Amino acid sequence: MTQMRKLVNVADMKRDWWDDLYSRCRDIIARPGVYADSCRGKILASMFYEPSTRTNFSFQAAAQRLGAGVFGFSDPVGTSASKGETLADTIRMTAAYSSTIVIRSPQEGSATAAALYSEVPIINAGDGGHSHPTQTLTDLTTIAQKRGSIGNIRIGLCGDLKHGRTVHSLVEAMEMFPNISFYLISPHELRLPDYVLDRMKNVEQNFIESETLIDCIPELDILYMTRIQRERFKDAGEYRRLKDVYVLTKKMLDGAKKDMQIMHPLPRYGEIATDVDTDPRAAYFEQARYGMLIRMALLLEFMHLPREHPPITENDPDAAPGECVNPACITRSDTYLPRLVSRSGIDRCGYCDKKVSEMLL
Ligand code: NCD
């Protein structure tokens, strides 16, 4: 397996790494007993600065099913972060006590920042509206289990494509697989961010954009529904106007392929009516279980890696010297962070991929 010490962005994943990880996951599914003590003596640190049910629980369950211990928090109020401690210091301490750190934060780029200061592997469990690579592992596992392989599919991504970090990561991961066509279904206001669309164009991913779900349904092999992300809207009125824009009902599946799979990272908030749950095409609850199983495969790899001093990272001379325009970016609160080059372009922030301000360029 290609050696990897962190999973903070989908760009960290390579095709051979995925293939090895998935084959380990299949073995875990087939022979769970064999793995029951495979991480005995290891400890997972679970740092959740933002609400979570599935991601948090599935990581904890994954660690425990491998025989590892877990400590952490699901609300930062009880930690030194509430006393103003920097992320860098919190990470240094947490790494000293653990074998692997899982971090979720509303601040975009926080996992990238954490990896600069950690002696142990860092896993991004969601950084604001930016990315969510382990949900992508979950999604890929579900597609592979349901269809036998991942290539040659038409996938509809529907809902809040602007703020939906799971979608941003899934689109990027699909670059690894052949013949994928995307139907990007959202209101104009909630289209994919430009850095994601630009990357899709650069790597020649096939996509069309549409505002109408029902017209796309007959074409799709996979329909990936998402929640309108209330907590990421600046304007509550705009959220109320858009929140019920798509509601998938059983009736709407009449025109769908018989083997179409309906996926959703969950939680749902009305966008999939409960009458869809009994349809054999509804895959979203199984998807959540696959999330635990693929996270077991990931922890099994990361928890056994030797501790390593993090490299001393200084400002990258090629990075844009401006200030990130994104108020949710980790660099806005943790101003000591070095400037990094973004993989989405030289005028973008190396943490959250948003533009840096022109004034300071
Ligand atoms: C998603 C997330 O947190 O980004 N949920 C998850 O991790 N399973 C999707 C969401 O919150 O809408």
Side-chain angles (χ1 to χ4, degrees), residues 6-13 49-50 81 84-91 103-118 122 124-133 136 160-173 175 184 186 188-203 205 229 231-235 238 310-361:
K6 61 177 170 39
L7 181 55
V8 302
N9 284 308
V10 166
D12 296 325
M13 293 161 40
Y49 293 91
E50 200 183 50
E85 186 171 56
T86 62
L87 179 68
D89 283 359
T90 308
I91 289 293
I103 178 169
R104 166 173 287 195
S105 163
Q107 290 179 294
E108 304 187 359
S110 49
T112 298
L116 300 178
Y117 302 96
S118 178
I122 294 286
N124 181 5
D127 60 329
H130 183 230
S131 80
H132 193 349
T136 299
D160 187 349
L161 308 189
K162 177 180 177 187
H163 303 106
R165 55 194 175 192
T166 68
V167 167
H168 308 163
S169 294
L170 181 58
V171 164
E172 190 174 350
E175 286 173 28
L184 306 176
S186 74
H188 187 76
E189 300 85 330
L190 300 180
R191 291 171 73 213
L192 280 176
D194 56 0
Y195 79 90
V196 180
L197 282 170
D198 288 350
R199 199 173 51 225
M200 291 180 86
K201 288 176 199 151
N202 283 342
V203 299
Q205 278 178 311
Q229 308 258 307
E231 67 277 28
R232 310 213 194 277
F233 277 74
K234 288 185 202 90
D235 175 351
E238 168 108 324
I312 295 168
T313 313
E314 288 168 353
N315 285 337
D316 192 313
D318 295 327
E323 185 177 299
C324 184
V325 295
N326 175 10
C329 180
I330 185 71
T331 59
R332 297 288 289 268
S333 60
D334 290 48
T335 50
Y336 56 87
L337 289 168
R339 291 193 309 267
L340 303 179
V341 177
S342 166
R343 68 218 147 82
S344 306
I346 49 157
D347 56 344
R348 294 182 176 276
C349 169
Y351 294 85
C352 72
D353 295 305
K354 301 278 166 29
K355 295 261 189 207
V356 293
S357 64
E358 305 285 334
M359 251 167 51
L360 296 171
L361 271 175

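Please read these numbers as outputs of a predicted model, since none were measured by experiment. The residues of the chain are indexed from 1 along the displayed sequence.
Taking NE2 from His168 and OG from Ser131, the interatomic distance works out to 9.5 Å, rounded to the nearest 0.5 Å. Between Glu323 atom CD and Cys349 atom SG the span is 10.5 Å, to the nearest 0.5 Å. Note: Met200 CE to Leu192 CG = 6.5 Å, rounded to the nearest 0.5 Å.
Under the 4.0 Å criterion applied to side-chain N and carboxylate O atoms, Glu108 and Arg332 are not assigned as salt-bridge partners. Salt bridge annotation for Glu314-Arg339: absent, with no cationic side-chain nitrogen under 4.0 angstrom from a carboxylate oxygen. Ion pair Asp194/Arg348 flagged as a salt bridge, since at least one NZ, NE, NH1 or NH2 atom sits closer than 4.0 Å to an Asp/Glu carboxylate oxygen. We find that Glu189 and Lys162 are not joined by a salt bridge, their nearest charged nitrogen and carboxylate oxygen being 4.0 Å or further apart. The pair Glu238-Arg232 does not meet the salt-bridge criterion, since no charged nitrogen lies less than 4.0 angstrom from a carboxylate oxygen.
Between the side chain of Asn124 and the main chain of His132, no donor-acceptor pair closer than 3.5 Å is present. Remark: the backbone N or O of Asp127 is not paired with any side-chain donor or acceptor of Ser105 at under 3.5 angstrom. With hydrogens and angles ignored, the 3.5 Å screen pairs a side-chain donor or acceptor of Asn326 with a backbone N or O of Ala328.
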Item to check | Arg165 vs Glu231, salt bridge (charged side-chain N to carboxylate O under 4.0 Å, His left out): CA-CA, chis, key distance, verdict | outcome: CA-CA 13 Å; Arg165 55 194 175 192; Glu231 67 277 28; over 6 Å; no

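Nearest approach of Asn9 to Thr112, heavy atoms of both residues: ND2-OG1, 3.6 Å. Closest of all the heavy-atom pairs between Ala115 and Val8 is CB-CG1, 4.3 Å. Taking all atoms of both residues into account, the shortest heavy-atom contact from Tyr351 to Cys329 is CB-SG, 4.2 Å. Residue Tyr117 comes nearest to Pro338 through the heavy atom pair OH-CD, 3.7 Å, listed as atom of the first residue, atom of the second, then distance. The minimum heavy-atom distance between Asp318 and Ile346, with the atom names listed, is O-CG2, 4.5 Å. Closest approach of Leu116 to Pro310, counting heavy atoms only: O-CB, 3.3 Å.
If you check the side chains of Glu85 and Thr90, you find a donor sitting under 3.5 Å from an acceptor. Side chain to side chain, Thr86 and Asp334 fail the donor-acceptor criterion of an N or O pair below 3.5 Å.
The one candidate from Val171, Leu184, Val167 that meets the side chain to side chain contact (heavy atoms under 4.5 Å, CB included) condition with Val196 is Val171.
The aromatic rings of Tyr195 and His130 lie tilted to each other, with the angle between the two planes from 30° to 60°.
Annotation: ring pair (Phe, Tyr, Trp, His ring centres under 6.0 Å) contacts of Phe233 (sequence neighbours excluded): His163, Tyr239.
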